[in-house]
K.L.:
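The following block contains the structure, expressed as structure tokens.
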Amino acid sequence: HKLCYDSSITTKRINDYLNEIGNDQALAIEPYHVMNPLHMLTMNPNDPADAIAALLNSNMKAVFCVDDQQKIPLQYAKDCNVGGLIGMINSLCSHRNSSIPVELSDTNR
């Protein structure tokens, strides 16, 4: 969580940390505000969208966790970090599209 408070956070630092600690850390809950790291990143208007997307991509479940204010990270991104919101929506759409089975058409028959 401390990494997400850093105003100079980068995608590389997040990826290095997750490679060292594991992707489950993206779901770790900070006990005081009941926030996961994605909540914290999206609250900072200066955090880069690609850093937010990197954390989201490590564990998609993190985006649906509510904090003690009953907010999910998407709501904080909408209010505080529009670039991060766009990056998160893009990641969610890409994840959704990659999980849809592709059916082959019969146009070659």
Side-chain angles (χ1 to χ4, degrees):
H1 287 91
K2 289 181 182 181
L3 183 67
C4 295
Y5 285 122
D6 187 344
S7 62
S8 61
I9 191 67
T10 64
T11 305
K12 182 180 179 346
R13 288 183 59 205
I14 287 177
N15 285 333
D16 289 348
Y17 178 77
L18 292 172
N19 286 336
E20 181 182 328
I21 303 298
N23 287 348
D24 288 340
Q25 196 62 27
L27 288 174
I29 301 296
E30 177 269 331
Y32 186 71
H33 296 288
V34 192
M35 293 181 164
N36 65 37
L38 194 56
H39 282 102
M40 294 174 197
L41 278 181
T42 57
M43 291 175 76
N44 185 339
N46 300 312
D47 283 342
D50 59 341
I52 293 170
L55 186 58
L56 173 61
N57 288 334
S58 72
N59 197 322
M60 288 287 172
K61 293 177 187 174
V63 77
F64 301 109
C65 294
V66 294
D67 65 2
D68 64 344
Q69 300 295 313
Q70 300 304 305
K71 289 187 172 184
I72 61 174
L74 285 168
Q75 291 168 295
Y76 287 112
K78 178 184 75 80
D79 295 339
C80 305
N81 192 322
V82 175
L85 175 65
I86 293 168
M88 292 171 71
I89 291 170
N90 187 38
S91 292
L92 288 168
C93 290
S94 295
H95 177 74
R96 170 83 169 110
N97 289 338
S98 69
S99 63
I100 297 174
V102 178
E103 296 186 25
L104 299 175
S105 66
D106 291 323
T107 57
N108 291 336
R109 290 185 182 188

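All values derive from a computational prediction rather than experimental measurement.
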K.L.:
When clusters are formed by joining ILVMFWY residues with side-chain heavy atoms under 4.5 Å apart, either directly or through shared neighbours, do Val66 and Leu74 land in the same one?
P.N.:
yes
K.L.:
Would you name the heavy atoms of Ser91 and Leu56 that are closest together and state the gap between them?
P.N.:
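Closest heavy-atom pair between Ser91 and Leu56: CB-CD2, 3.7 Å.
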K.L.:
With the 4.5 Å side-chain cut-off for hydrophobic clustering, are Ile86 and Ile72 part of the same group?
P.N.:
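Ile86 and Ile72: separate clusters.
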K.L.:
From Met88 CE over to Leu38 CG, what is the distance, rounded to the nearest 0.5 angstrom?
P.N.:
4.5 Å
K.L.:
On a heavy-atom basis, which atom in Cys65 and which in Pro73 lie closest, and how many Å separate them?
P.N.:
O-CD, 3.5 Å
K.L.:
From Gln69 CD over to Met35 CE, what is the distance, rounded to the nearest 0.5 angstrom?
P.N.:
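So the CD of Gln69 and the CE of Met35 are separated by 7.0 Å.
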K.L.:
To the nearest 0.5 Å, how far apart are CE in Met40 and CG in Leu55?
P.N.:
10.5 Å
K.L.:
Grab the two heavy atoms, one from Gln70 and one from Gln75, that are nearest each other, plus how far apart they are.
P.N.:
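Smallest heavy-atom distance, with atoms named: O-OE1, 3.9 Å.
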K.L.:
Could you tell me which non-hydrogen atom of Leu41 sits nearest to which non-hydrogen atom of Ala51, and how far apart they are?
P.N.:
CD1-O, 4.1 Å
K.L.:
Look at the side chain of Asn81 and the backbone N and O of Asp47, then say whether any donor-acceptor pair between them is shorter than 3.5 Å.
P.N.:
yes
K.L.:
Grab the two heavy atoms, one from Ala49 and one from Gly83, that are nearest each other, plus how far apart they are.
P.N.:
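Distance-wise, the nearest heavy atoms are CB-O, 3.2 Å.
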K.L.:
When clusters are formed by joining ILVMFWY residues with side-chain heavy atoms under 4.5 Å apart, either directly or through shared neighbours, do Ile89 and Met60 land in the same one?
P.N.:
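Yes.
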K.L.:
So, for Asn46 and Asn44, which heavy atoms are closest and what is the spacing to 0.1 Å?
P.N.:
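The answer is N-OD1, 2.8 Å.
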K.L.:
Filter on ring pair (Phe, Tyr, Trp, His ring centres under 6.0 Å), then keep only pairs touching residues 51-79, sequence neighbours left out; what's left?
P.N.:
His39-Tyr76
